[in-house]
Structure formats: structure tokens, C-alpha cells
Amino acid sequence: MNKRVVNNIIRPLAIMLILLIAILLANKGIPLQVRPALLDYLTTDATSTQAQANEQDAAILVAYDEGVDTEAACAIAVTGALDQMHLAWRHVTLDSALPQALEGAAVLLVCSQDLTPTISYAKTLMDWVSGGGRLGLMMMLQNNDAYRVYSHKLGITESSGQYHSYTSLRLVSDEIPLWNNEQVYASDGAITDYALTVRLEDDCNVHIETTDEYPVPLLWTHGIGDGRVLVNNNALIQKKDSRGFALNAYLLLTDTVVYPIINAGMVFIDDFPAPQPEGTDEALLAEYGYNIKGFFRNHWWPDMKVLALSYGLRYTGVLIETYNDTVTAPFDPDAKEDTLIRYYMSELLQSGGEVGLHGYNHMPLCLDGFVYNGEGYQTWHDTASMAASLKELTRYASKFLTNTAYQTYVPPSNYLSDEGKATLLATLPNIRTVSGVYFPEVDTNSLVQEFCEEQDGSISVPRISSGFILNGYNHMMLAQELMLHGVFSHFVHPDDVLDSDRGAAEGWDAMCESFSNLIEQISQTYPQLRWSTASEGAAAVQRYDRLQLSTTETETGLSISLSNFYDEAWLAMKTPHAVKAVENGECFAIDDHFYWIRADGEHINIIWEDGT
């Protein structure tokens, strides 16, 4: 008997034995032993004191005209990145008052394509740069008289005056940290942009270029005296998903920068545990010899557990009782067999994960009048019905696991109205973590969040990317968020393997291998990333959101003072210096220019290797 045949016999028997033990334990009401939490929630009596923008003495100036849509959009993306880094900034305009505003400023970020208003003080502006100022042009410039006044100062030797269309880009500089593993970003339909065709001085540092046979530079820096200019020769910084480009521009423009991060890696499994589809899938039957339920039990979940054990993942599954469309009380218990629900819930906890809540059914908590934009969901007639369905869900969940507090909620299909959220928190006061999505979805009004504490006491922990096989766009977004927030927040669905648009055409083995490679790549790049459940990630978000810091740099090192410090804090630091030692903390090199720092107290000192 060959090895494959033996495995096909033994594996299902072993799994069924584990299933039987789990059922017996749960039926006897024995509470499952789970590991202690990595982090506990902070109390809500302290309010978040996240850095406030528009501080009058801020050294970062952001110039834009609120009346110009493209400039306002660019500024929202740029200031969004600065706010998430807890860096203060103030708004200025490109008028005659700007030279006075430059006094005491360190960085000027211009969110405009037209520099015409600055011509009258062009010399003053460039003298400020030469004296040590940092000028970032965050939008592709118009080819006009003002452009020709500044072009040589920007390192441009020649320009055709034509705009080049491109759909993919390449990273060509090791000064952009953490994207090293994915040098080329294909469009996947996500990038359609233009760049001004230019030729640059040899001393310009090009960081991003198009992937054409004759590449067009998209992002470069150029030294002027003791200062520096940065040119974004593109129109990519326009939406929330371009915060990473704004972050990289700011890091390239400055020298040493320190900012708070979350440090949490979270993998959500949506619609799990939940009633599984009946019947067979022809591809799965042919490949594995099981119907859909048998495949999930004997292949999908065991492979998911191997990933968890191999990399330390701590899944957050979210429970659904039924897939009916009932939105009016009474909400009858699901009369179907619940053996697999019981099994998967216990497995999630025993593998170090968390069981959260998704819904009594898959109807989002949205009242009549809410528009789903193409989704065929029912709306609820009143909040009392919503509350009754949530109570039934928790009754159902309590059948399986004793002494378990459900703390995380993921709204079905990412829809949650204000009334629905208020009802959720009032009905289930143990819910602290609410997970929508980070990026707005096209043509939907889904729940879009920041990583933050909310005024209602909940903690927003949005999901960033999804799927077992990621496209280039998703790779780029998760790379940017690991750099901006120090967070990986990803979700998958069991039924991805049944959907050809989500990778099923490649087969489960390829899907699993692709996801495993992604997790391995992240783990190798960020070995200090804390794999967390959603509630543990929410506790980390609290510490991040409340943290304030101030820095003092000398020739020998950097002193960092933290306020709203609790037990520990995590920081990201970009610097040209090598780190020799850290007092009251520990420093971890991500690459030659980028570090993560664990702070063990309110004051830490970093000593440079090249300090005198």
C-alpha cells in the first residue's frame, strides 16, 4: 500500500477522533483552556490624545488650495499619512505670506501642480532649501512658465513637455524600505496614470520609475546646498490608498524620523464557523475525493492549522448561525446539525485563535432606507429586531463554549449603519472590537475605518487586504501599511476555494502555497511582528492611538520621550545612522535604513554607531 493511500485512510480517521473528543468536551460543558492574551484592553476612562493637526508651531507645512479638488484630494492623502504618524502639520497656501511661514519650518509639502503663485518669491524659496529646508512636490507639475523657472533646481536637464501614460511602476532604490521583495507593481487595473517625460542630472536619486523600455522617473530626490527637494512626477497621491506613497515621500525627504506603530499581524476568517454548503464541487471532488464539507474538514482546515502552527498565526473566526434572510423577530434557533460548528469553534480556540461574531444571519445591521448599492440584502425594520437577532446569536454561541466572552464583531459584507452599531454595542457590551475595511470599496457605502479608538468606546480594527492569492495592488497596499502602521490585517473566506475569481481556478494547493509564501515573506521581513487575534490587535491599537512622542537629536544619538505610555510601545524609525545601543528599549533592524523599536519606558535613548 503506497504512502498516499495510507495517508488518505489515516488522516480522516485522526480528524474524526479529534472531532469526537471536541464534541464530548463541549457537550459536558468543559471550558476550553486557551492561552493568555498578548495584550489586554486598556480602560476607556482615558481619552485618546492622538496628535492634532494644524498646530500653529508645527515644523511641517502643507500647501494647497482647498478650492481645487485635485489639490484638496492630494492634501487629504498627505495629511492622512502625517496624522497616522502623529506628526503635527499646518496648512498654508502658495501666496505672498508663504516666505514668512517658512521661518522656523523644516519641511514644505506642496500639493499643487502649478507653481505660478510662487514665482515672485522663487529665490527666497530656493534659498530656504539651500539653507537646509526640505521641499516636497507631491503632485506632477504642469508644463508651464513656472515649471521652467524651477526645472533645473529640481534636477531636470531636459523635458519633452509631453505626458507619458503608464500602468505599472518599479522600485529602483534601496532607500524605500520594505518593498524590496516586490520590486515591480503591475497595474491589475489599479494604476492608470501619467508622468511628464524628463531627463535628470546624474546626481539625482531616482526611487521609482515606469517599467517601460525607456523608463520615465516617477519619484526622485535632489540635493541643493544643505537642503533637499523631492519630486513626485505622478498623480498617484489622491486617495486613501496612496498614503503609502505620501509616507515614502516624507521619509525620503527627511533624515531621521520616528513615529508610533501598532505592531500586530491579524488574519480574519470571515463566515467561519458558519453553516457550510451542501453538495459537491466537481474540482474538489476530483482532486481530493470529498464533498464540500468533507474537503473543508479533511484538507482546508488541517492546512490552515499547519499555517498557524508554522508561523504562529492566531486566527480570528467570526460566527454565523444561519444563512436565512429573516429580519423580523422571532429568530428561531437553527435546527440543523451543528456538530461542525462546535468542532471548528473549539479548534479555533485551541489553536490560539479567537471566535468573534458575524451575525445571526448574513443580513447587515442596517435599517430600512439604507442603500446597499447592488447587494441583495434585506434591511431591518427596527433596532429591536436587530437586538433580538444578536441575543439569539449569543445564545447559540454559548451552547458550544462555556465561559467565553465574545469581544470582536465583523459586519456582514462590511456594512454597518450608525444605528446598527449603536444597537450592537448596547445589546452586547462585551464587544469592544469592530472590524470593517480600511480602504473605501468602489460603489459601496461599506464601513470604512481608521485604526483608532472611537468616541463610543469601541476600537476600530479594519481589514486591509484579502484573499489567498494576492494581486499586485494588494501586495503594494499591505506593504505600505506594514510601513505606516506596522500592521498586517488580512481576511480570507473558506469559500474562496469555490470561487474562480478568488483563486479557485488555481486549486487549493496553489492557493495555500501562495498564502504561505506571503506569510513567510512578511515574517522574514518583520520577525518582530506580533501575530495577534483581533481583540489583541485592538489592544495594540489603543496603545498606538493614545501615544504621543517628542524627540531630541544630537550628534551622538536620539532621545525620545513618550506620553500616554502604559506597559510598552512600538515605534518605527527611519534614519541614515546605524544604531549602536538603546537605553530602556530594544531596536530591531528591518533593513539598513529602517528600524522597529520596542520602548520599555517613557524615556528611551538611542545611541548612534557613528556618534562622536
Side-chain angles (χ1 to χ4, degrees), residues 34-42 48 50 84-86 178 243-244 247 259-270 307-308 311-318 348 351-356 407-410 432-439 449-454 458-466 477-492 515 518-547 564-572 586 588 590 594-600:
V34 296
R35 58 170 179 78
L38 287 175
L39 287 175
D40 293 321
Y41 289 118
L42 300 174
S48 173
Q50 178 175 313
Q84 297 305 302
M85 298 168 74
H86 296 192
L178 317 185
R243 282 180 179 175
L247 167 69
Y259 55 95
I261 57 171
I262 297 166
N263 188 7
M266 295 164 287
V267 178
F268 295 79
I269 309 180
D270 274 9
L307 285 175
Y311 299 104
L313 306 183
R314 292 165 173 170
Y315 298 128
T316 299
V318 285
L348 269 170
S351 65
E354 174 185 5
V355 177
Q407 303 177 100
T408 295
Y409 176 79
V410 174
R432 297 288 303 279
T433 306
V434 178
S435 295
V437 290
Y438 184 69
F439 296 116
Q449 301 172 310
E450 301 288 353
F451 289 96
C452 66
E453 286 187 280
E454 304 289 356
S458 66
I459 306 158
S460 292
V461 185
R463 281 87 50 80
I464 297 166
S465 50
S466 65
M477 292 304 102
L478 70 85
Q480 291 182 359
E481 279 303 306
L482 278 164
M483 190 158 55
L484 177 59
H485 283 114
V487 71
F488 174 72
S489 184
H490 186 84
F491 63 103
V492 296
F515 190 57
L518 173 69
I519 299 300
E520 182 175 6
Q521 181 183 83
I522 292 171
S523 298
Q524 289 177 349
T525 307
Y526 298 90
Q528 278 70 45
L529 181 67
R530 297 179 296 193
W531 294 107
S532 311
T533 63
S535 59
E536 291 168 339
V541 168
Q542 286 183 295
R543 288 157 174 79
Y544 152 82
D545 196 35
R546 298 183 186 185
L547 192 66
N564 299 323
F565 175 88
Y566 296 91
D567 36 24
E568 69 174 40
W570 283 86
L571 313 171
E586 190 170 359
F588 306 95
I590 305 300
F594 199 75
Y595 300 83
W596 277 13
I597 302 167
R598 190 193 68 245
D600 297 329

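The figures here come from the full heavy-atom set of this structure, side chains too, leaving out hydrogens, waters and symmetry mates. Keep in mind that what you see is a predicted model, and the values were worked out from it rather than measured.
- Of the possible polar contacts, one joining the S351 side chain to the L348 backbone as a donor-acceptor pair under 3.5 Å is found.
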### Query
Can you check side-chain contact (heavy atoms from CB on, under 4.5 Å) on R546 and Y566, steps first, answer last?
CA-CA 10 Å; R546 298 183 186 185; Y566 296 91; 2.9 Å; yes

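- Taking the side chain as every heavy atom from C-beta outward, Q480 and L247 never approach each other to under 4.5 Å.
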### Message
Set out, in order, the CA-CA distance, both residues' side-chain angles and the distance that settles side-chain contact (heavy atoms from CB on, under 4.5 Å) for L529 and N263, then state yes or no.
### Response
CA-CA 6 Å; L529 181 67; N263 188 7; 3.6 Å; yes

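- The closest donor-acceptor contact from the side chain of S523 to the backbone of I519 lies under 3.5 Å.
- Side-chain contact between V410 and R463 is present, with heavy atoms from C-beta onward closer than 4.5 Å.
- In this structure a side-chain-to-backbone donor-acceptor pair under 3.5 Å is missing from R543 to F565.
- The shortest side-chain heavy-atom distance between Y259 and Q84 does not fall under the 4.5 Å cut-off.
- A side-chain donor-acceptor contact under 3.5 Å links E354 to the backbone of S535.
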### Message
As a quick check of understanding, evaluate side-chain contact (heavy atoms from CB on, under 4.5 Å) for L39 and R530, giving each step before the final call.
### Response
CA-CA 10 Å; L39 287 175; R530 297 179 296 193; 3.8 Å; yes

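- Within the model, atoms CD of E536 and CD of Q407 stand 9.5 Å from one another, a figure rounded to the nearest 0.5 Å.
- With H490 as the fixed residue, the ring-ring contact (aromatic ring centres under 6.0 Å, His included) test singles out one of Y315, F515, F268, W531: F515.
- Interatomic distance, S458 OG to Q449 CD, rounded to the nearest 0.5 Å: 7.5 Å.
- Side chain of S435 to backbone of V461: a donor-acceptor contact under 3.5 angstrom is found.
- Nearest approach of E454 to S460, heavy atoms of both residues: OE2-OG, 2.6 Å.
- Partner of F451 under the ring-ring contact (aromatic ring centres under 6.0 Å, His included) criterion, out of Y438, F488, Y544: Y438 alone.
- Looking only at side-chain heavy atoms (C-beta outward), V487 and V541 stay at 4.5 Å or farther from each other.
- Closest of all the heavy-atom pairs between G537 and A264 is CA-CB, 4.1 Å.
- Between E568 and W570 the shortest side-chain heavy-atom distance falls below 4.5 Å.
- For E520, the salt bridge (charged side-chain N to carboxylate O under 4.0 Å, His left out) test picks out no residue, with sequence neighbours left out.
- Here the closest non-hydrogen pair linking L547 and P260 is CD2-CB, 3.9 Å.
- Pairing each heavy atom of A538 with each of Y41, the nearest pair is CB-CE2, 3.7 Å.
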### Task
Starting from the C-alpha separation in whole Å, work towards a yes-or-no answer on side-chain contact (heavy atoms from CB on, under 4.5 Å) for V318 and D270.
CA-CA 6 Å; V318 285; D270 274 9; 4.0 Å; yes

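- Of all non-hydrogen atoms in D40 and A539, the two that sit nearest each other are O-CB, 3.5 Å.
- Without hydrogens or angle criteria, E481 side chain to S465 main chain gives no donor-acceptor distance under 3.5 Å.
- Closest of all the heavy-atom pairs between S532 and L38 is OG-CD1, 3.9 Å.
- The distance from the OH atom of Y409 to the OG1 atom of T433 is 13.5 Å, given to the nearest 0.5 Å.
- Here Q528 contributes atom CD and R598 contributes atom CZ; the two are 9.0 Å apart, rounded to the nearest 0.5 Å.
- Interatomic distance, F491 CZ to I269 CD1, rounded to the nearest 0.5 Å: 13.0 Å.
- Side-chain contact between I464 and H485: absent, with no pair of heavy atoms (C-beta onward) separated by less than 4.5 Å.
- By the 4.5 Å heavy-atom criterion applied to side chains, L478 and L518 are counted as neighbours.
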